[in-house]
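To start, the structure itself, in structure tokens.
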Amino acid sequence: MALVVQKFGGTSVADPERIKAVADHIARTVRDGNEVVIVVSAMGRTTDDLIRLAGEVASPRPGRELDMLLTAGERISMALLCMALGDREVASISLTGSQAGIITDSAHGKAKIVEVKANRIRDALRAGKVAVVAGFQGVSGSHDVTTLGRGGSDTTAVALAAELGADCCEIYTDVPGVFSADPQVVPDARRISRLSFEEMLEIAASGGRVLALRSVELARNHGVPLEVRSSFTWEPGTIIDKESAEMEQAIVSAVTSDASEAKVTVTGVPDKPGIAASLFRALADRSVNVDMIVQNTSTEGATDISFTVPKDDLDESLEVAMSLAPVIGAGSVRSDSEIARVSIVGAGMKTNPGVSATMFEVLARAGINIEMISTSSIRLSCVVKESEMERAVQALHKELGLG
Ligand code: ASP
Ligand code: MG
């Protein structure tokens with residue numbers, strides 16, 4: 001008997017027909033002799049609709065009441081799913097994040113799980129029931145309802161799988177797995193059958209939207225194997241697990257892109273110790289998540305520093321940089337929000353020289369200018385104009401032979 005955690009995303013439970021299809025699948029999993037824990041997202045675009053609704057009465061800011069509102073979405077799905085399971089004579093119980101023992105810190109809108117007290121889930125399993133847990137939510141030490149950030153149901157599923165020692169954690173969505181590029185941009189993108197946690201982390205961090213980044217970090221830290229699958233076709237999907245010797249190491253597995261960041265450039269920065277420290281400390285103190293950083297070599301004692309931040313944090317970053325510029329003796333502060341980051345990811349990059357040269361050549365042949373470059377051992381990213389992003393992805397996918 002295996003213990004299986006299955007997470008169903010918003011599109012998988014978008015309407016009554018979808019909920020019934022999911023209930024059928026859960027019933028099959030139970031009848032195959034498994035213990036089953038389910039995590040659900042809100043139906044379809046419910047979370048977006050609730051945020052919009054909040055915007056009609058006030059300007060919605062992360063906080064207690066917004067979290068209270070948003071957590072209602074997942075409650076609807078979990079209750080409806082349990083009713084559908086009841087119809088199929090599958091015993092189940094719905095649990096809110098709080099009832100399921102998901103204890104978080106109190107950072108509303110982006111709470112982190114600090115502990116999972118899964119007693120009620122264990123009780124349910126012992127009683128032969130399916131536990132259906134509302135994803136994306138928890139409760140803080142001061143008993144307030146919290147949310148984990150957009151896409152947070154994946155994180156709920158992985159946290160429960162880790163705590164319960166589940167044999168696997170299946171993430172059901174509307175695509176049959178992780179692809180070598182976004183199939184809407186690259187029609188001949190392929191489904192990848194296996195990825196290492198490291199590759200999936202880089203894919204999630206560089207714009208691949210199939211899994212929330214934090215859920216992959218959590219899965220890696222706890223060694224929880226994941227499988228991303230389609231709840232529309234139920235076919236085998238993409239398995240994400242520890243890197244193993246027999247795993248085929250593609251030099252490049254995927255091309256990703258991300259247009260969610262903006263670039264800030266501080267010019268004429270004095271080239272002396274402590275300047276970068278004070279700039280990035282000030283940004284960190286305002287919880288701005290800085291991604292890429294490039295500093296030029298200095299000419300005549302001054303240099304330029306460029307960095308990227310989420311577009312949502314641009315105003316705040318500009319405020320910080322502008323108020324700091326006179327203090328550190330910098331020249332001007334500029335920004336550009338029409339940028340995009342295009343990345344290639346692959347575990348085999350570690351041991352294969354020349355991948356960066358190839359990437360730059362492909363972009364050069366396509367006449368696409370590179371504004372910034374950053375690398376990790378298994379990822380290469382280039383910032384280009386947002387208007388050239390799709391063309392860059394298509395050219396790289398084709399020329400790297402990923403189709
Ligand atoms: N319903 C939440 C969202 O749309 C959480 C999730 O789907 O994972 O972000
Ligand atoms: Mg969602």
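Positions are given from 1 along the sequence. First listed ligand is number 1; within each ligand, the first listed atom is number 1. What's counted below: heavy atoms across the whole structure, side chains too, no hydrogens, waters or symmetry copies.
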Could you verify whether a donor N or O on one side chain and an acceptor N or O on the other, from S332 and T267, lie under 3.5 Å apart?
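Result is yes, a qualifying pair exists.
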Does one side chain, of S153 or S41, offer a donor that lies under 3.5 Å from an acceptor on the other?
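S41 and S153 do have a side-chain donor-acceptor pair below 3.5 Å.
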Is it true that atom NZ of K129 has more than 12 heavy atoms of other residues, nucleotides or ligands lying nearer than 6.0 Å?
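12 or below, so no.
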Answer yes or no: is there an ion pair linking [X] with [Y], defined by an N-O contact shorter than 4.0 Å?
{"X": "D313", "Y": "R286", "value": "no"}
{"X": "K385", "Y": "E388", "value": "no"}
{"X": "R379", "Y": "E199", "value": "no"}

Within the 4.0 Å heavy-atom shell around [X], which atoms of ligand 1 are there?
{"X": "S153", "result": "5 (C), 6 (C), 8 (O)"}
{"X": "F136", "result": "2 (C), 5 (C)"}
{"X": "E74", "result": "1 (N), 2 (C), 5 (C)"}

Select one of side chain, backbone, both or neither to describe which atoms of S41 lie under 4.0 Å from any atom of ligand 1, heavy atoms only.
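It is the side chain that gets close, since no backbone atom is under 4.0 Å.
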Evaluate [X] for polar contact with ligand 1, using N/O atom pairs at a separation under 3.5 Å.
{"X": "G151", "answer": "yes"}
{"X": "K7", "answer": "no"}
{"X": "R150", "answer": "yes"}

Can G152 be said to touch ligand 1, with heavy atoms closer than 4.0 Å?
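Yes, G152 has heavy atoms under 4.0 Å from ligand 1.
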